[in-house]
Amino acid sequence: MIANIALTDARHAVDKLFDYLIPPELERVAKPGMRVLVPFGVRNTAVEGLILSVSQTSEFPSLKPLIRCLDPLPVLTEELISLCVWMRHQYLCSFQQSYRQVKPPYLGTRLRQWLFFLKDTEEKLSAPQRRLLDTLKEYDGFAEMAELEAALHRTSIRSSAYALQDKGLLEIREKIDNTISLKYIRKARLNFSPEEGYATADELRSRRATVQADMVLTLCDCGDLPTSDLVLISDGNYNALNALKDKGIISIYREPFLRTAYAPDQYTPSVPYIPTEEQKPVIDYLNRLITHNLHEKILLRGVTGSGKTEVFLQAIETCIKQGKQAIMLVPEISLTPQMVERFVSRFGTSVAVMHSGLSQGERFDQWYKIRHGEVDVVVGARSAIFAPFKRLGIIILDEEHEDSYKSETAPRYHARDIAFRRGAKHGAPVLLASATPSVTSYYRAKTQKYRLFEMHQRYNQNPLPKARIVDMRSELLDYHNMSSISIRLQDEIRRNLDKKEKTILFLNRRGYNTFVSCRQCGYVMECPHCSIALTYHRSSDHLACHYCGYTCQNVTVCPECGSQYIKFFGTGTQKIEEELYTLFPGVRVLRMDFDTTSGKGGHEILLNRFKNGEADILLGTQMVTKGLDFADVTLVGVLAADTSLNINDYRANERCFSLITQVCGRAGRGNTEGRAVIQTYQPENVTIRLAKEQNYPDFYENEMKYREKMQYPPFCDMIHIVLSGEDERQVKQEIANIGLLLNSRPEIQGAILQTIGPDPAPIAKIKNKFRYRIFLKAADTQQLLPLLRQISTAHNAGNSKNTLTIDINPTNML
DNA sequence: AGCACGCCGACT
DNA sequence: GTCGGCGTGCTC
């Protein structure tokens, strides 16, 4: 039998498949999905590989046998193996990169090589070999390779060590460890039935072994117990425990100890409620698909507060009842305790939670529970789409328009596409949900690629918040109001303060940072390593670069013209906070931004303080728009609605619309009507007007005209080819060659609608690396994949010092 | 990533 | 004539 193997070890960047013989004794366990050790290269060093498939024959004449299997059971299902192979093709990445997404988190192997001294020699050795052998003797004749490298101040002593081994002077032994292992807990089990146990206890007591007797009784009453619990409950000790074990009365066994990512006993159980007339058809439809194992793509557009989550919960419940599993994806930013609570209180311990806050061990344990069928639901951010379930019943993406579903590192996948592929394999429906679906998804729903459901009513029958647009131009001109808070919004805030109701203020900062520039000559303080303006941080009076982390002291004199009129521009949350304190003395403001939420659980702590009434106003950036559900927030202020419109990105309107809609939806979730004030310098802007009315259909129609005219998605795919490197001439040269290659293929020209570039990228330099790009508007991406793969292979083979990235429909086009 | 093979310049 | 520089190509 022959195993077709991919190397998984990240160090071995060999993106090829290799055949190995399966020794007869391993044939039963060496199945697809199994991690194995194989001898690789002339030295036959052991490296980790994954069996992709097993066959009878090989094209290759001389095969080596694989060394051993690394796990008791395959770590990947066949479905996930084929997903890896597909991702490699689809996202133009290596097998290792696609495997990384799917593999058990942090599970890998580490090779340790130990050197053992055998004998010395009179023969003349090279200087490095001599020093290595002498040092090894100093280490009492045995040492680890890495240890000796450090002692000798060398980067690699491998070749010297192998040479000495060949001369028979030392021996190299390899030891391979898994980089993570399960924590085990020891449990005690009574070897008899409880009745026999009581009798045994009496007998022990009669022999004055009272402690042992009590421990046996405890096991009779409680069943199997962790040894530590047994000792605690029965007031016993470990000597007695061992004595019982030696007498054969109990046995001790090990069980994996798995951490939960939440505290289940903190949650009060919840039960499904009777669905509303809008929820019912959606739930019924999903239930039918789940029951009949039918894959279908469904888009649910439900206004904020229309009860989408209850739809998810009831569909998932159907899955669980039928012995199937569910994946529930939410954007990382809205994976709040509030969100987790809703799932845990409905489904209890059958929920696994995956988010970036988990420790390595916790993350691994969640994966293990999913793989071994100990949970039925996973709630998680993007990467949870790879949860190794065996029988998926439904996949749900909440807030499907969110950018965070797209990976910005290789493999540059979109969770939606992975969901469709997995859903199709499992016969499971995929539900996309949002109050403001991406234009692309809504288009697909309108063109029958997805089934569309819409929910227009908020479940508490509250009307959507009353929104008002304030023209910020006239604030300055007509009212001489220099503040970034309009008179109108000031009045509304005051009203809320009087009524003791809460307010959320949202500052849209995308593409709008506080930068320092000279009013005399217009000079802007830029990062010396990246072509980007430095951001001003008021608290420390420093300037920082968001791309490379460079910081420097703020300046008082313009480095260009020497004038003192150099100041920071733009509005940050800190500045607004100060304005609020001036306008409303005694007001309690919670500022939520990068600085205040960076600590562990900082986000959560702030939200809890706001919930508990420790503040009147929550002020923040993007973070305040997601997943917040506070009943007593009645006013929302959008401080600068148009800033995200002015950035050079075809999705600017879409982002602006959904941001304003989502943040306004935060108001009036309780029993009182909500109000929203939208401040803008472009009050006539269509997107802002429609967002104010929460009019998605008109926004969609309007946006589609623009997308069609400009040939943007959904009418094409945007393929972004970026090349970066320190030598600008080399970068220009290589990208020019790529451009030529793209144009030299008449047969694929139909698949390309337009080629833009090569040009310098909008951020022309990051971390001292020059960046050039080519944009393709592709009518048929599938047809272009072979050519793109060819570009990437050629780049890798050419030993280029530059970095190539190919991203299909990137989230940001910088 | 290693490691070998291979083809040119500075040393015993 | 040989040691060693790193370019190129292969690893089942």
Atom-to-atom span, CD of A:E48 to P of B:dG2 - whole angstrom: 15 Å
Integer-rounded Å distance: B:dA4 P and A:R158 CZ: 11 Å
Length of the line joining A:I172:CD1 and B:dC3:C1', which is rounded to integer Å: 14 Å
N-O pairing of A:R130 and A:D120 below 4.0 Å: yes
Whole angstrom value for the distance that separates P of C:dC12 from CZ of A:F18: 7 Å
Residue pair A:N293 / A:K324, side-chain donor-acceptor N/O under 3.5 Å: yes
Between C:dC10 (P) and A:L17 (CG): distance, integer Å: 17 Å
Touch class at under 4.0 angstrom, heavy-atom based, for A:S62 against every strand present: sugar-phosphate
Touch class at under 4.0 angstrom, heavy-atom based, for A:Y20 against every strand present: sugar-phosphate
Atom-to-atom span, CE of A:M145 to P of B:dG2 - whole angstrom: 11 Å
Nearest-Å distance for atom pair CG/P, residues A:L21 and C:dC12: 12 Å
Between A:N768 and A:H529, a side-chain donor and acceptor under 3.5 Å: yes
Between B:dA1 (C1') and A:Y162 (OH): distance, integer Å: 12 Å
Verdict with reasoning, A:L83 to A:F386, per side-chain contact (heavy atoms from CB on, under 4.5 Å): CA-CA 9 Å; A:L83 184 63; A:F386 298 109; 3.7 Å; yes
A:R43 side chain near B:dG2 phosphate (N/O to OP1/OP2, under 4.0 Å): no
Sugar-phosphate, base or nothing in reach of A:V14, heavy atoms under 4.0 Å: base
